[in-house]
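Encoded as structure tokens, the structure appears first; notes follow it.
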Amino acid sequence: MKRSTFILALAASLRADSLNDVLLRMDQAAQKFRSLSAKVRKTDYSDVLSDTTVEEGTFKMMKAGKDKVVLLADFTGQDAHTVQIAGNQVKIYHPKAKSVEIYDMRKFTKAANEYLFVGFGNTSAELQKTYTVTLGGAETVDGVKTTRLDLAPKSAEAKKLFNLIQLWIPEGQSNPMQEKILSGKEGKDYKLFQFSNAKIRTVSEPALPASEFELKLPADVKEIIAGK
């Protein structure tokens, strides 16, 4: 194969979908999206401390009306914990400490931000209302061809929490296989969520029962109300 032909073939294989193509697929999927369950690997990196923490777990999320979701995430490991988002509350249960932190989402958006996965069931209009969405380019992730979208927050409040959200959308698909939230003074700190074994239910399928999102707490659990 001639060098020029090889380069053209390589470029074609790495060509990103257009931004409009990806957003159109997301719009089509959002109309049908009901719920998602998946395995997740979460990596936290602190540039100042040069420290990396990895947690693995499972999570379920479901649309509960316009702009509302319910979510239950279980993370295992040294700091095992369970996160529930329902209504205007975020609860983070730490079984070793037998304590549950309770946040009001209207006051503590940072607590919710870590676990509200962007790109699942969102329309392009919803994304562009909150973020400036640009095309990051074509990237191969774990052998899968993807298109990266970069989401820069518009609000001053959100800009205090993070610099950028990156989504990697597999070729021809509409939901991200991984999501990265960059923060810190120079955007060097990050949280990376990698999804696998994802199961998406559409509106034509039965909804997950409410019991799937219950946070089961022991009777002697200590409640910690954030901000008090």
Side-chain angles (χ1 to χ4, degrees), residues 25-42 55-77 79-127 129-130 161 165 167 173-179 181 191 193-228:
R25 293 202 305 267
M26 294 178 78
D27 282 339
Q28 293 170 340
Q31 293 175 8
K32 303 176 182 179
F33 181 88
R34 169 165 269 171
S35 65
L36 166 75
S37 58
K39 291 184 178 180
V40 61
R41 178 183 174 91
K42 177 172 173 270
E55 299 175 295
E56 294 187 349
T58 60
F59 80 96
K60 305 164 192 167
M61 66 178 293
M62 181 169 63
K63 272 191 173 180
K66 187 177 180 180
D67 300 327
K68 295 288 185 181
V69 299
V70 290
L71 179 148
L72 190 75
D74 281 300
F75 289 96
T76 58
D79 182 28
H81 60 284
T82 302
V83 180
Q84 181 200 53
I85 297 178
N88 290 317
Q89 281 192 334
V90 180
K91 294 183 179 180
I92 305 177
Y93 170 51
H94 300 274
K96 289 183 180 179
K98 286 190 176 181
S99 66
V100 57
E101 304 167 52
I102 302 175
Y103 297 84
D104 186 329
M105 281 180 65
R106 294 166 296 187
K107 298 178 181 179
F108 297 95
T109 54
K110 185 176 182 179
N113 179 65
E114 289 190 25
Y115 303 100
L116 283 177
F117 301 111
V118 176
F120 296 102
N122 301 118
T123 65
S124 59
E126 290 169 342
L127 288 179
K129 180 180 178 181
T130 308
L161 303 178
I165 294 178
L167 304 177
Q173 298 184 32
S174 55
N175 297 298
M177 64 179 292
Q178 70 176 28
E179 173 181 336
I181 304 173
K191 298 178 187 297
F193 298 91
Q194 297 167 291
F195 308 104
S196 61
N197 295 348
K199 165 61 179 174
I200 294 175
R201 293 191 181 210
T202 66
V203 291
S204 63
E205 299 174 88
L208 290 172
S211 58
E212 292 278 338
F213 297 91
E214 290 179 0
L215 181 60
K216 298 175 176 62
L217 301 172
D220 58 344
V221 69
K222 179 182 178 182
E223 291 190 349
I224 302 172
I225 310 297
K228 291 188 177 180

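- Atom OG of Ser35 and atom CE of Met61 lie 9.5 Å apart (nearest 0.5 Å).
- With hydrogens and angles disregarded, no donor-acceptor distance shorter than 3.5 Å links the side chain of Arg41 to the backbone of Glu56.
- Between Ala29 and Ser174 the shortest heavy-atom distance is CB-OG, 3.1 Å.
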In sequence, state the C-alpha distance, the side-chain angles, and the governing distance for His94 and Asp79, and then conclude on side-chain contact (heavy atoms from CB on, under 4.5 Å). CA-CA 8 Å; His94 300 274; Asp79 182 28; 3.7 Å; yes
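- Note: Phe195 and Phe120 have perpendicular aromatic rings, judged against thresholds of 30 and 60 degrees for the angle between ring planes.
- Between Ile85 atom CD1 and Lys91 atom NZ the span is 12.5 Å, to the nearest 0.5 Å.
- Between atom CE of residue Met26 and atom OG of residue Ser124 there is a gap of 8.0 Å, rounded to the nearest 0.5 Å.
- Nearest heavy atoms, Asp27 versus Ala125: OD1-N, 4.5 Å.
- For Ile200 against Phe33, the heavy-atom pair with the smallest separation is CG2-CD1, 3.8 Å.
- For the pair Glu212 and Leu208, the tightest heavy-atom approach, listed with the atom from each and the gap, is CG-CB, 4.3 Å.
- Paired with Tyr93 under the rule side chain to side chain contact (heavy atoms under 4.5 Å, CB included), one option of Val221, Val83, Ile102 passes, and it is Val221.
- Closest non-hydrogen pair, Gly119 versus Leu167, comes out as CA-CD1, 4.2 Å.
- Looking at every heavy atom in both residues, Ala30 comes nearest to Gly121 through CB-O, 3.7 Å.
- Here CE of Met62 is found 9.5 Å from CZ of Arg201. Values are rounded to the nearest 0.5 Å.
- In the model, Thr58 has no side-chain atom that pairs as donor or acceptor with a side-chain atom of Asp74 under 3.5 Å.
- Side-chain atoms of Glu179 come within 3.5 Å of backbone atoms of Val118 as a donor-acceptor pair (strictly under, hydrogens ignored).
- Taking CD of Glu101 as the reference point, atom NE2 of His81 lies at 9.0 Å (rounded to 0.5 Å).
- Atom CD of Gln84 sits about 11.0 Å away from atom CD1 of Ile92, to the nearest 0.5 Å.
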